[in-house]
Amino acid sequence: MTDTQGGLRGWTAGRKGNLSRLRFTSLRLRLVVVFGLVALTAAVSASGIAYWLNREAVLTRAQDAVLRDFQQEMQNRAGALPVHPSQDELQHAAGQMAGSSQRFSVLLIAQDPSGKTVYGNSGGINGFALEDVPKSLRAAVNRQQKVTDANKSPYHLYWQRVDEHGTPYLVAGTRLIGGGPTGYMAKSLEPEAKDLNSLAWSLGIATGLALIGSALLAQAAATTVLKPVQRLGVAARSLGEGKLDTRLRVTGTDELADLSRTFNNAAEALEKRVADMAARDDASRRFVADMSHELRTPLTAITAVTEVLEEELESEAGGIDPMVEPAVRLVVSETRRLNDLVENLMEVTRFDAGTARLVLDYVDITDQITACIDARAWLDAVELDAERGTHARLDPRRLDVILANLIGNALKHGGSPVRVSVRIDGEDLVIAVRDHGPGIPEDVLPHVFDRFYKASASRPRSEGSGLGLSIALENAHIHGGEITAANSPDGGAVFTLRLPRDASQLTEENGEGTKNDEVGNSGKEGS
């Protein structure tokens, strides 16, 4: 019983799958519908023509046979009667005429020797009567025509098909030439009608079978035609997913084969183009990394010298010549800026190379923000709205980089006081940094996280490198989070950091390790 139910479920699932493909694959549906309509039109036309031809043939054959027999009986039986027969003679002749091979009903009308109209029919009192003959037919039978070279007889045989209570009849009438009775006959065409109905049913069944056959043929043709298109769609999806080595097997010389060749050529060109771009990108990253590493050695020595010069500047003894002091301060400032730029470039290179890793730990978010603010002496300029006891599992060092960049950017380009608020939104930690400055211009908002982007071209040599917000965003992404920038309705810019409270699930899914690495300097501008 279980096997039967399983087989039934499998058949039902397969049938539903076929119906689903037929329903949602529009091209397949159109092919089936077009094939069906063409087949239906052809079958109905052929069946209609066949029915009409057979109907006319059957009715004409039956009609001609009956009319010939009736005309023969009129000449033999009715022609043997006197010009003014009696009632009994008419009745007897009508009975003899009805007994012919065609078995039709007969009505004879004449005048007896006294001039009275008498009737004789083959069915007795309730048989075929004059009222059963259409008036138009009676008028045609009794109308005398002019005898000419083309018309040798004043009277002719006329016939008409009538329907009586759903049964078709053939009614005919004629008069004897030279005087005598007028005869009418009625013949049921019900056997012929039944034969025609059977023919119509047969043609209808044949039409239905032709329609079903055409639908199956259309389905087979659609499958044959659309299978290469389906393979092309699968290959295109694979190519879009980054599988640049995807190729189609080409068979034949038709248009679909040409399409497959075109796809393969395009995929090959795309693979080569992407490989070239990846090689150039790798070379660029290696160049930046090598340049940064090469700059660190001389920068270390220069930094040590600038620290000595800075101590001399701050000493009360005044060891620096006042004329040289501005130049010394510029050297100290630019050396610090160059050192920060190199550190930021190395951090960006790690993100681009995919070597940046998280070192996760459970931290108190309020303590983490407080430590970040205190380490940079921002306590007087920053307001913190956060409750203690809000914990999260993340990389505290990278969170410090993010906070330092966001808060430092707000202090530098916004306005004091900067307000930092913390809230929990489901499984996410949300930290908002808002300043009280003029806000961010609408044309700048889409670019605040771009590398080396600065909103003002008039300050290209500002202290920041334009990498701070970009590095902050990359650190948020590596946690599985996001940073958004907007303008507050009450004035000022708002940067919103959203991080998952437990980033360990992300690192497990991505297979990331916990290797530590160096980080860039914090507090850099990004706008």
Side-chain angles (χ1 to χ4, degrees), residues 52 55-56 58-148 150-194 196:
W52 181 77
R55 178 179 181 276
E56 290 301 316
V58 169
L59 292 178
T60 301
R61 184 170 59 250
Q63 173 181 295
D64 291 346
V66 172
L67 292 177
R68 282 195 304 269
D69 195 35
F70 174 65
Q71 192 171 24
Q72 188 68 33
E73 289 296 325
M74 281 292 294
Q75 292 175 356
N76 295 336
R77 304 291 183 181
L81 293 173
V83 177
H84 299 287
S86 64
Q87 174 74 35
D88 292 338
E89 289 175 331
L90 280 178
Q91 191 69 34
H92 180 70
Q96 288 182 327
M97 293 174 65
S100 69
S101 60
Q102 295 298 326
R103 298 293 178 181
F104 42 71
S105 299
V106 178
L107 172 65
L108 295 177
I109 305 173
Q111 290 184 345
D112 61 7
S114 63
K116 180 183 176 180
T117 301
V118 293
Y119 300 90
N121 62 55
S122 59
I125 298 176
N126 297 323
F128 183 40
L130 186 61
E131 290 77 10
D132 298 327
V133 180
K135 292 182 180 180
S136 59
L137 181 62
R138 279 182 276 169
V141 169
N142 293 318
R143 184 183 303 115
Q144 185 177 0
Q145 300 183 14
K146 184 178 180 180
V147 177
T148 61
N151 182 30
K152 304 295 183 181
S153 175
Y155 299 103
H156 294 273
L157 175 66
Y158 294 93
W159 59 269
Q160 185 175 343
R161 295 173 192 166
V162 297
D163 189 83
E164 186 69 26
H165 304 297
T167 302
Y169 285 90
L170 174 66
V171 181
T174 187
R175 292 188 64 170
L176 287 176
I177 301 172
T182 301
Y184 295 98
M185 75 89 192
K187 168 67 176 177
S188 173
L189 299 177
E190 186 175 5
E192 288 77 11
K194 289 182 178 179
L196 292 175

TODO: Quick one: pull up OG1 in Thr174 and OH in Tyr155 and give me the separation to the nearest 0.5 Å.
DONE: 10.0 Å
Open item on the list: So which atom in Ser122 and which in Ser105 form the shortest heavy-atom distance, rounded to 0.1 Å?
Closed with: OG-CA, 3.5 Å
- [ ] Calculate, to the nearest 0.5 Å, the distance between atoms CG and CG belonging to Leu108 and Asn121 respectively.
- [x] 9.0 Å
Task: Non-hydrogen atoms of Leu81 and Ala93 that approach each other most closely - done: CD1-CB, 3.8 Å
- [ ] List in chain and number order the residues that pass side chain to side chain donor-acceptor pair (under 3.5 Å) with Gln111, two or more places apart in sequence or in another chain; answer none if no residue qualifies.
- [x] none
TODO: With the side chain counted from C-beta on, respond yes when Val171 and Pro134 share a heavy-atom pair under 4.5 Å apart, and no when they do not.
DONE: yes
TODO: For Val118 and Pro85, work out which heavy atoms get closest and say how close.
DONE: CG2-O, 4.0 Å
Task: Distance-minimising heavy-atom pair for Pro168 and Asp163 - done: N-OD1, 3.8 Å
Open item on the list: Using a 3.5 Å distance criterion without hydrogens, assess whether the side chain of Arg138 forms a donor-acceptor pair with backbone atoms of Val133.
Closed with: yes
Would you be so kind as to tabulate the donor-acceptor pairs closer than 3.5 Å made by side chains of residues 62-72, with sequence neighbours excluded?
from, atom 1, to, atom 2, distance (Å)
Gln63, OE1, Arg161, NE, 3.2
Gln63, OE1, Arg161, NH2, 3.1
Asp69, OD2, Ser100, OG, 2.6

TODO: Measure the OG-CD distance between Ser153 and Gln144 for me, rounded to the nearest 0.5 Å.
DONE: 9.5 Å
TODO: Please check if any side-chain donor atom of Asp88 sits under 3.5 Å from a side-chain acceptor atom of Ser86, or the reverse.
DONE: no
Open item on the list: Among residues at least two apart in sequence or on other chains, which ones pass side-chain contact (heavy atoms from CB on, under 4.5 Å) with Ala129?
Closed with: Glu131, Asp132
Task: Side-chain touch Glu89/Pro82, heavy atoms, less than 4.5 angstrom - done: yes
For residues 178-191, which side-chain N or O atoms pair as donor and acceptor with protein atoms under 3.5 Å away, sequence neighbours left out?
from, atom 1, to, atom 2, distance (Å)
Thr182, OG1, Arg175, NE, 3.4
Lys187, NZ, Gln102, O, 2.6
Ser188, OG, Glu190, N, 3.3

- [ ] With sequence neighbours left out, write down each residue that passes side-chain contact (heavy atoms from CB on, under 4.5 Å) with Tyr119, or none if nothing qualifies.
- [x] Leu107, Ile109, Thr117, Leu130
- [ ] Kindly write out the residues that satisfy side chain to side chain donor-acceptor pair (under 3.5 Å) with Gln160, not counting sequence neighbours, or none if the list is empty.
- [x] Ser136
